[in-house]
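Values in this document were obtained by computation on a predicted structure and should not be read as measured data. Below, chains carry the letters A, B, ... as their sequence lines are ordered, and counting in each starts from 1.
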Amino acid sequence: METLLNFARGPLFRLCFALMVLGLIRILFLDVWAALKAFRKTDDKRMPWKLIFSRTWEWIFPFKRLKNNFQLYSVISILFHIGLIIVPIFLFAHIQLWKESVGISWISLSYSWAFWLTTGTIIFAVSMFIGRLVIKQTKLLSRKQDYLWLLLLLIPFVTGFVCANLTVSPATYHFFMLVHMLSGELIFVLIPFSKIAHCVLAPLSQVISVLAWKFPPMTDDDICTTLNKKGAKV
Amino acid sequence: MRTNQINNEERIKAFKTAKKSEVIERQKLNVRYHVEDFDVNDRPRRFLEAFAAILKHSNYRMALDHYSRVAARCSHCATTCQIYQATGNTEDIPCHRSELLLDVYRRHFTLGGMFKGRISSSGYLTDEKIQEMAEAYWNCTACRRCVLECPMGIDHGLITHLARYILSEIGIVPRALVISTREQLEGASRNTSAVPVPALKDTLEFLEDDMFEEKSVKIKFPLDVKESEFVFFPAVSDFLMEAETLMGIAAVFAATGDKWTIGTGYFDGINYGLFYSDRILERVIHNVDDETKRLNGDKILIGECGHASRTAKNFMPVFCGGKEATPVVSILEYTHKAWKEGRLKLNPEVITQKVAYHDPCNFARNRWIVNQPREVLKSFCKNYVEMTPTGENNICCGGGGGTVSIDEIRPYRTTVGGKLKADQIRKSGCDILVAPCANCKKQLRELVEDQGINCQIVGLHDLIYKAIVFDESLVVKKEKNPTGKEEN
Ligand code: SF4
């Protein structure tokens with residue numbers, strides 16, 4: 001068990017983390033590259049930066065959206081995201097690991113903050129899961145991966161919570177810790193290939209949409225030739 | 001959340017088709033709008049060919065890749081779409097609608113999708129899926145309100161636009177739009193309403209006489225005046241249906257004294273390309289540009305029309321040389337500026353009724369023109385009320401995205417598409433609703449008629465025409481000069 005834990009904590013973590021970072025860099029690069037190509041292709045270099053920034057800002061802090069259209073499901077989703085992002089990054093135990101292996105550290109959550117944020121995230125994830133099952137329109141849109149992701153994200157939170165807060169036998173503790181690490185690592189690997197890629201891509205959405213409306217000029221001929229429609233009536 | 005849903009009776013009315021069953025059978029297409037006969041064989045293959053050709057010569061791949069990667073299927077968009085709010089049909093959820101096309105894209109144009117397809121040999125594009133798209137993408141009014149709600153920033157309006165473009169390349173496109181566009185691009189009249197130049201001249205002369213009679217000012221519609229500051233392109237249907245709007249615009253120019261003109265070579269601002277085809281969009285834009293150049297005009301001035309203004313404003317630089325392109329001004333911007341500079345006087349005693357303003361999506365969604373018309377209106381309409389939501393969050397009239405021109409779907413437009421708008425108008429209690437857009441005006445008039453709402457729909461310049469106060473020097477003393485014509 002000990003070796004397994006060390007393996008999961010050491011080389012496997014490094015591998016999975018590196019895969020996530022590289023995967024995210026890859027899709028980010030593909031997105032930016034496509035955007036730059038589109039920008040180069042168009043004669044119209046105007047970019048409505050004010051609109052782009054303000055809409056992206058509203059994406060990060062969606063208060064305006066909520067003010068205009070208050071939905072319980074949105075509130076839960078926002079709260080869920082807060083815990084999901086803050087807990088893994090600012091948990092004392094995680095920062096300790098970084099400190100031990102690479103020597104860097106940063107500000108950490110106090111015990112009670114970590115406790116409540118983790119509890120909240122678990123409750124919100126379960127609520128979202130139920131929401132997906134019962135809200136008519138959400139249910140229709142949900143794919144298998146939408147349910148699975150919520151369950152998968154729950155695993156490291158629940159196991160982490162157990163390890164940090166409950167008194168259990170060492171064997172159980174080790175088992176939970178192993179599941180905690182492996183599930184976290186699985187999440188890392190899957191992120192770039194799944195909808196969770198939105199964590200790095202969504203801030204680009206506004207720019208992509210603006211550029212997508214800048215249709216390249218003089219495509220009439222090309223498309224008509226390709227489709228064998230030259231000279232056909234409108 | 002879905003208190004706004006239509007009842008059963010309305011549902012039957014909205015979705016009843018006016019088409020004969022033999023036509024549906026022949027065209028193998030069960031949609032409510034009329035389509036010209038087209039090749040029905042091998043549709044999936046032809047759809048994919050068109051899709052491939054468009055992808056090859058456009059930037060759509062960038063958007064489709066991005067949207068496919070980020071789509072979270074959260075259903076937030078459902079809460080804003082006026083179509084879904086009215087029908088409650090899950091097919092009308094914006095994200096679900098976009099998924100129809102994204103699915104085809106992923107399956108047939110991405111490595112992962114093709115690989116998956118090979119293994120499971122499923123997910124191929126079928127006639128049924130095309131039918132579903134033909135229905136779904138013309139149920140959407142392309143108002144882009146859902147864009148504001150999507151946490152991932154997906155532009156469902158862009159997907160609707162692309163899907164319609166591909167469908168149009170295989171012949172699936174509302175007949176009403178194609179026929180008008182054909183006349184505009186290939187017909188003798190060169191405009192969507194087939195107005196011949198002599199008829200245009202007659203109409204304008206008649207309006208000039210009318211204006212002289214009413215205002216005692218010689219207000220002109222200058223034709224083909226070279227080197228004017230503005231070359232004017234209204235929605236051509238205004239010449240037939242919106243005389244007051246045109247008179248208001250002419251009156252504003254009479255008051256300001258700026259040089260403007262209407263070109264008889266080309267005088268239609270309508271661009272249905274925005275609704276279904278980038279190729280058409282570009283061709284129409286070039287026509288506008290060519291006419292402006294022929295007349296050596298400085299700027300392109302678009303009349304009261306949301307889509308015409310947005311197409312010219314956005315696509316003139318896109319298709320006609322970026323920075324070098326002729327600048328585009330909307331008449332709403334022009335009038336607002338003139339009013340702000342004190343060159344336009346409006347009498348606040350004339351309009352006493354309760355007035356509200358409807359934001360055309362194409363002006364407001366990207367926050368282009370929101371406050372300007374309001375400022376002008378509030379300055380002379382004492383009893384101005386605001387509808388909520390407004391501005392970039394406005395609710396579409398229900399006839400957006402070209403659907404207003406499809407007469408056979410009027411029951412759908414006025415029971416489903418415009419349902420939320422109708423509720424909003426009722427709630428505001430306004431007597432006059434100002435909608436500075438030819439399409440919105442047509443739709444809203446039909447909407448209030450079908451929904452039994454007592455409200456008059458007008459353009460901004462219709463009210464300006466009523467309230468405008470001319471400088472004494474422009475007013476002709478009638479006793480000496482009984483008709484304007486004699487003086488000419
Ligand atoms: S563009 Fe408008 S009509 Fe179409 S899906 Fe979005 S909100 Fe609904």
Within the distance-only criterion (no hydrogens, no angle test), does the side chain of Q206(A) pair as donor or acceptor with the backbone N or O of G153(B) below 3.5 angstrom? no
Salt bridge (Lys or Arg N to Asp or Glu O under 4.0 Å), paired with R279(B), selected from D220(A), D221(A), D222(A): D220(A)
Check each atom of L158(B) against the heavy atoms of chain A and say whether the ones under 4.5 Å are side chain, backbone, both or neither. both
What part of K37(A) gets closer than 4.5 Å to chain B, counting heavy atoms only: side chain, backbone, both or neither? neither
Taking I93(B), I280(B), D278(B) one by one, which has the highest count of heavy-atom pairs under 4.5 Å against chain A? D278(B)
Does the Lys NZ or Arg CZ of R310(B) fall within the cation-pi geometry relative to W213(A) - under 6.0 Å from the ring centre and within 45° of the axis? yes
Given that the side chain runs from C-beta out, which part of D155(B) has a heavy atom under 4.5 Å from chain A: side chain, backbone, both or neither? both
Side chain, backbone, both or neither: which part of E282(B) has a heavy atom under 4.5 Å from chain A? side chain
Please classify the contact between H286(B) and chain A as side chain, backbone, both or neither, with a heavy-atom cut-off of under 4.5 Å. neither
Side chain / backbone / both / neither for R46(B) at chain A, heavy atoms under 4.5 Å: neither
Chain A-proximal positions within residues 176-184 of chain B [heavy-atom distance under 4.5 Å]: V178(B), T181(B), R182(B)
Could you tell me whether the side chain of E186(B) and the main chain of V234(A) form a donor-acceptor pair under 3.5 Å? yes
Measuring heavy-atom distances to chain A, does A63(B) have an atom under 4.5 Å in its side chain, in its backbone, in both, or in neither? both
If one checks every heavy atom of P151(B) against chain A at 4.5 Å, the contacting part turns out to be both
Go through the atoms of I285(B) and report whether side chain, backbone, both or neither lie under 4.5 Å from a heavy atom of chain A. neither
Under 4.0 Å between a side-chain nitrogen and a carboxylate oxygen: does that hold for E392(B) and R55(A)? yes
Relative to chain A, which segment of L281(B) carries a heavy atom at a distance below 4.5 Å: side chain, backbone, both, or neither? side chain
Parallel, tilted or perpendicular, as decided by the 30° and 60° cut-offs, for the rings of F215(A) and F315(B): parallel
Between K214(A) (side chain only) and N59(B) (backbone N and O only), is there a donor and an acceptor less than 3.5 Å apart? no
